[in-house]
Amino acid sequence: QSHVGTAALAYIGVIIGTREFVRLARSLAPQLSLAPTLVANVLLVTLPSLELFGGPWAAFARGEGAVSIIGLALGWALLEQMFRRGPEGIFAHVGAVMLGIAYLGIPFLLLQRMAALPTGGALLLMFIGAVKCGDVTAFFGGKTLGKNKMCPSISPGKTWEGFACSFIGAIGGSYLFMWLPTTWGAAPAFSGWWQPVVWGLVLGPLGVLGDLAESCMKRAAGAKDSGASMPGFGGMLDVLDALIIAAPAAYLLARLL
């Protein structure tokens with residue numbers, strides 16, 4: 001089922017992705033430890049599975065679980081900073097821990113929440129289709145039409161023309177992947193004509209910004225790729241960057257549209 005596959009993706013994404021994130025962050029926070037961010041992210045993506053047990057565990061997972069985990073991770077990072085490093089680099093080290101949780105743990109938790117919705121499988125398919133189609137059209141649109149640089153200090157290849165093309169690709173991808181589940185008899189994510197337009201208009205550009213955000217991290221770290229876990233593509237973050245930033249917005253749209 002969709003939530004099982006999403007849980008597997010979440011564990012793979014946060015374990016490999018957190019290791020890559022911490023490796024990049026150590027360029028500016030050299031004593032940053034992996035444990036607080038990794039443990040918090042794994043616990044966050046475990047919350048949806050706790051709901052299967054029912055009772056107080058399910059209530060905790062649906063309610064204050066995420067806030068509790070984030071709060072404990074903050075306390076862990078602060079204690080580690082004070083007793084191991086003192087005041088030196090407190091903003092860089094503690095800030096990197098919290099950024100790693102917000103960047104990886106929360107988006108993958110919300111993707112699992114989206115997978116648990118009545119049309120979760122169709123929503124996930126439509127989410128990936130919209131973001132990736134927007135990403136692809138932004139790349140080729142920028143190559144063909146690009147003249148005005150978006151952020152040349154971060155990613156010289158990104159142009160405003162390519163960014164504009166991401167809207168077209170994301171809306172087209174939304175319609176395509178909304179229709180696709182019906183070919184094997186599954187219910188589509190939405191029933192109206194306007195929801196895919198809103199879906200694409202929001203998620204396509206966010207995918208481009210996600211790519212740009214990861215490029216900014218790599219530029220700060222002086223790295224070409226986030227890692228080598230995905231031969232031919234670089235690291236896990238290089239593959240998932242567009243999806244990560246768009247995931248919270250996708251969950252919100254899935255609940256509202």
task = Check the surroundings of atom CH2 in W76: do more than 12 heavy atoms from other residues, nucleotides or ligands lie under 6.0 Å from it?
result =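 Yes, because the 6.0 Å sphere around CH2 of W76 holds more than 12 heavy atoms from other groups.
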
request  = Using a cut-off of 6.0 Å, state whether more than 12 heavy atoms not belonging to R26 lie near its atom CZ.
outcome  =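 Correct, the count exceeds 12.
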
Using a 3.5 Å distance criterion without hydrogens, assess whether the side chain of [X] forms a donor-acceptor pair with backbone atoms of [Y].
| X | Y | answer |
| --- | --- | --- |
| K149 | P156 | yes |
| E161 | N148 | yes |
| Q195 | L257 | no |
| E88 | R85 | no |
| Y175 | W193 | yes |
| T37 | L34 | no |
| T137 | C165 | yes |
| S229 | M236 | yes |
| Q81 | H93 | no |

ask   = How long is the span from the OG1 atom in T119 to the CE atom in M114, to the nearest 0.5 Å?
value =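 Rounded to the nearest 0.5 Å, the OG1-CE separation comes out at 9.5 Å.
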
ask   = Once you round to the nearest 0.5 Å, how far does CE of M217 lie from CD of E20?
value =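 Going from CE on M217 over to CD on E20, the span is 12.0 Å.
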
Atom of [X], atom of [Y] and distance for their closest heavy-atom approach:
| X | Y | result |
| --- | --- | --- |
| I244 | L104 | CD1-CD2, 3.7 Å |
| L110 | Y251 | O-CD1, 3.6 Å |
| C133 | G173 | SG-CA, 3.8 Å |
| M178 | F190 | SD-O, 3.5 Å |
| G227 | D238 | N-OD2, 4.2 Å |
| L117 | A254 | CD1-CB, 3.8 Å |

